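These notes are about the structure you will find just below.
Here the structure is a predicted model, which means the values were calculated and not measured. A, B, ... follow the sequence lines: proteins, then strands. Residue 1 opens every chain.
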Number of protein chains: 4
Amino acid sequence: MTATRRGRPPAGPERWNALVQAAYECLAEGGFERLRMRDVAARVGIDHSSIHHHFPTKQDLVVAVVDHATRQFWSTTPPDGGPVERLRHHLATLRQKISDEPELHIVLRELDLRARRDPELREIIAGREEGWRNSLRTLLTDAAAAGALAAGVDPATGAELVIATVKGASLAAEHAGDVLELLDHLLIRA
Amino acid sequence: MTATRRGRPPAGPERWNALVQAAYECLAEGGFERLRMRDVAARVGIDHSSIHHHFPTKQDLVVAVVDHATRQFWSTTPPDGGPVERLRHHLATLRQKISDEPELHIVLRELDLRARRDPELREIIAGREEGWRNSLRTLLTDAAAAGALAAGVDPATGAELVIATVKGASLAAEHAGDVLELLDHLLIRA
Amino acid sequence: MTATRRGRPPAGPERWNALVQAAYECLAEGGFERLRMRDVAARVGIDHSSIHHHFPTKQDLVVAVVDHATRQFWSTTPPDGGPVERLRHHLATLRQKISDEPELHIVLRELDLRARRDPELREIIAGREEGWRNSLRTLLTDAAAAGALAAGVDPATGAELVIATVKGASLAAEHAGDVLELLDHLLIRA
Amino acid sequence: MTATRRGRPPAGPERWNALVQAAYECLAEGGFERLRMRDVAARVGIDHSSIHHHFPTKQDLVVAVVDHATRQFWSTTPPDGGPVERLRHHLATLRQKISDEPELHIVLRELDLRARRDPELREIIAGREEGWRNSLRTLLTDAAAAGALAAGVDPATGAELVIATVKGASLAAEHAGDVLELLDHLLIRA
DNA sequence: GATGAATGAGATTTCATTCAT
DNA sequence: GATGAATGAAATCTCATTCAT
């Protein structure tokens with residue numbers, strides 16, 4: 001997106017990224033059912049068969065999209081600060097992402113569903129989600145240790161509630177903010 | 001399912017129901033991406049072209065499946081009793097459904113995703129979900145009136161939290177029970 | 001079309017005729033390419049499979065239509081009178097038919113074209129056309145004997161010219177009248 | 001048709017032309033009713049799905065055939081010379097075409113009939129025919145100005161007579177020559 | 001005679017992928 | 001690396017016809 005532009009479409013790793021991005025957009029717009037190599041290629045401006053130089057099979061492209069999409073989402077590393085601030089910050093960031101980039105949720109849900117039948121995808125997604133899950137548990141455990149959690153809230157289960165809610169909330173973007181705010185209110189005592 | 005079976009495949013409305021059920025199962029197993037008229041027909045034991053006798057187009061079959069699936073799920077009418085019992089019962093029923101029939105959730109999520117691009121499905125699903133939403137709101141409002149709701153819980157938003165959680169929880173069936181139990185605990189004071 | 005109506009659709013030979021008429025209309029509207037047993041049956045108001053009781057195969061129905069259509073057209077028997085009047089009358093009748101019932105021409109052209117690959121149809125049509133041809137030749141021969149034909153017009157070839165013109169004229173119904181009038185003018189001297 | 005053939009099937013525009021020609025032949029042999037993409041492809045020696053690389057839909061192929069067929073026929077531009085010679089020459093050329101290439105007439109009649117229900121074809125064909133019609137009218141007008149037309153022959157109607165005859169004459173190729181000769185005799189005085 | 005269900009052959013079209021240039 | 005042509009498998013849908021009721 002910066003250099004290597006001499007009047008001709010760029011090649012090399014830029015092309016690779018452009019293809020992943022294009023596939024991501026196609027997926028957001030039409031779902032897996034309508035994800036076509038042709039459309040992805042067209043969006044980048046190359047021939048539909050040239051795409052196979054970068055991604056031998058369609059699955060390879062999909063895997064790259066999974067990597068791209070999951071990386072973006074769960075990587076919300078909370079900043080320094082007390083346990084409560086960090087947890088609050090994380091939930092706030094999730095809220096923001098959901099309203100700022102709704103297509104990301106669509107893509108994640110598509111991938112999640114597809115992962116059910118595709119072990120390769122399942123592993124990648126599970127790996128990323130596990131990172132998030134652990135991070136969440138730590139957050140909640142710290143909050144609990146600080147006495148900032150609602151009574152009877154098990155940190156591990158609380159983490160699942162957040163995950164389940166985020167995934168479900170993306171269904172109806174207009175409610176997502178309120179729901180997560182409620183979650184914040186319910187879970188955190190202080 | 002009752003009579004008229006003398007060694008020959010049954011016909012009439014039974015066949016219709018069997019096809020819907022078969023499509024439902026195919027959808028649960030392979031998702032929309034792998035939903036094939038051929039497979040549905042084969043599962044019922046008729047020729048793949050005969051299916052068009054009952055459902056002129058694939059979409060017609062899908063619509064019937066939507067109807068079948070959504071009808072099952074949201075129709076959990078809580079019994080008589082006090083507000084708290086009714087709400088508790090409803091949440092418990094949802095918990096039960098999630099663990100008893102996980103494929104139902106898969107199908108619903110497939111449909112939900114597909115509805116994004118298919119207005120016909122969208123309307124059907126939205127109609128059913130609206131019924132559930134209203135029912136939930138009433139339940140929560142009644143509970144609030146009885147002073148049984150956690151402080152600061154708006155009934156409407158609470159309903160959305162339940163919906164979001166249920167939809168999200170179905171992603172990871174193994175956590176669903178705990179999550180909903182927590183929700184119960186958090187939302188309900190008494 | 002007259003009797004046997006007791007609140008239920010009629011059967012028997014009336015049904016047969018109705019089916020032929022319906023097929024004729026379908027043929028006029030959509031050509032052979034879109035002639036469907038279903039549509040024919042629907043037009044008469046019976047089930048599409050019941051049609052096979054009257055016409056075992058589609059070809060049988062088509063043959064009946066051929067019979068129906070060709071009978072109508074070529075059967076313009078000229079009345080008594082002098083040779084010139086009879087010929088003039090015949091040409092006038094053709095003119096009239098072309099403008100009154102344009103769909104008849106469409107059907108005949110469809111049949112004519114199809115007859116090229118269907119010996120059964122070919123024979124029926126050829127048989128009918130032969131009758132017309134002979135009748136035309138006699139007319140022209142009589143006119144020639146009466147000295148009423150344009151100089152150098154061979155009766156047999158003149159007959160072919162009329163046939164060719166009528167068949168071609170039906171292509172553009174708006175010109176048909178003028179063209180046949182010109183033919184009258186050119187062929188007949190008196 | 002010139003170079004680049006080393007034991008492998010030719011590609012590029014040659015393939016395109018070959019497909020049009022093949023479709024034309026199929027149409028001549030079996031009519032629209034039996035025009036199959038499969039057969040066209042087979043005649044050229046490629047897979048039946050490859051044909052869609054050149055003609056996305058069947059209609060596109062048909063349009064190309066229309067273009068091919070109509071271009072051939074009406075483009076008989078008469079040479080220099082007096083009005084009578086030019087008209088005679090044109091009629092003679094038509095006679096020749098009819099006997100030399102009878103399948104062209106078959107195809108044209110198929111197209112003509114189909115154009116009744118297909119606006120796209122109708123326009124193409126109408127456009128071409130209009131060119132022929134105008135050319136004929138000019139010819140006849142010139143001949144009339146030269147006093148070479150039969151008495152009472154309106155040039156415009158005369159043009160229609162020729163068109164109708166040619167179209168009709170193609171039905172019975174064995175009579176076409178005589179009929180057109182008669183037309184020549186009747187129309188032209190000198 | 002009429003009906004509804006079923007059949008099976010076949011037609012168009014789509015699409016990931018391969019290959020030679 | 002890119003391209004255009006070709007492939008082959010598969011999917012939906014159509015339709016004349018048959019069969020049991």
How many Å lie between [atom1] on [X] and [atom2] on [N], as a whole number?
X: D/E33; N: F/dA16; atom1: CD; atom2: P; value: 11 Å
X: D/D39; N: E/dT12; atom1: CG; atom2: C1'; value: 13 Å
X: D/L61; N: E/dA11; atom1: CG; atom2: C1'; value: 14 Å
X: D/I46; N: E/dA20; atom1: CD1; atom2: P; value: 18 Å
X: D/R34; N: F/dA16; atom1: CZ; atom2: C1'; value: 15 Å
X: A/H52; N: F/dG4; atom1: NE2; atom2: P; value: 15 Å
X: B/E14; N: E/dA5; atom1: CD; atom2: P; value: 12 Å
X: A/H54; N: E/dT18; atom1: NE2; atom2: P; value: 16 Å

Do the side chain of A/S50 and the base of F/dG1 come within less than 3.5 angstrom through a donor-acceptor pair of N or O atoms?
-> no
Nearest to the side chain of [X], heavy atoms from C-beta on, is which of [options]?
X: B/K58; options: E/dA5, F/dT7, F/dC13; answer: F/dC13
X: D/H48; options: F/dT18, E/dT17, E/dT13; answer: E/dT13
X: C/R36; options: F/dC13, F/dT14, E/dT3; answer: F/dT14

Any side-chain N or O of C/R38 less than 4.0 Å from the OP1 or OP2 oxygen of F/dC15?
->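 So the side-chain polar atoms of C/R38 never come under 4.0 Å of the phosphate oxygens OP1 or OP2 of F/dC15.
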Using a cut-off of strictly less than 4.0 Å, decide whether D/H53 has a side-chain nitrogen or oxygen near OP1 or OP2 of F/dA5.
-> yes
Grab the two heavy atoms, one from D/K58 and one from D/L35, that are nearest each other, plus how far apart they are.
-> NZ-O, 2.9 Å
Interatomic distance, D/L27 atom CG to D/R109 atom CZ [nearest 0.5 angstrom] |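 It comes to 12.5 Å.
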The answer to which of D/I51 and B/S49 contacts DNA chain F further toward the 5' end, by nearest nucleotide, is D/I51
Mapping A/T57 and D/T57 to their closest nucleotides on DNA chain E, which lands nearer the 5' end?
-> D/T57
Nearest-nucleotide 5' precedence on DNA chain E, C/D47 against D/M37 | C/D47
Is the backbone N or O of B/T57 less than 3.5 Å from a side-chain atom of B/D60, with the two atoms forming a donor-acceptor pair by type?
->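 At least one qualifying donor-acceptor pair exists.
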Do B/E25 and B/E103 pass the side chain to side chain contact (heavy atoms under 4.5 Å, CB included) test, and can you show the C-alpha distance, the side-chain angles, and the key distance before you say yes or no?
-> CA-CA 8 Å; B/E25 289 165 15; B/E103 79 257 22; over 6 Å; no
Kindly assign one of parallel, tilted or perpendicular to the pair C/F55 and C/W16, based on the angle between their ring planes and the thresholds 30° and 60°.
->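 Judged by the thresholds at 30° and 60°, the geometry between C/F55 and C/W16 is tilted.
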Under a 3.5 Å cut-off for both distances, is E/dT21 Watson-Crick or wobble paired, and to whom?
->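 E/dT21 is paired with F/dA2.
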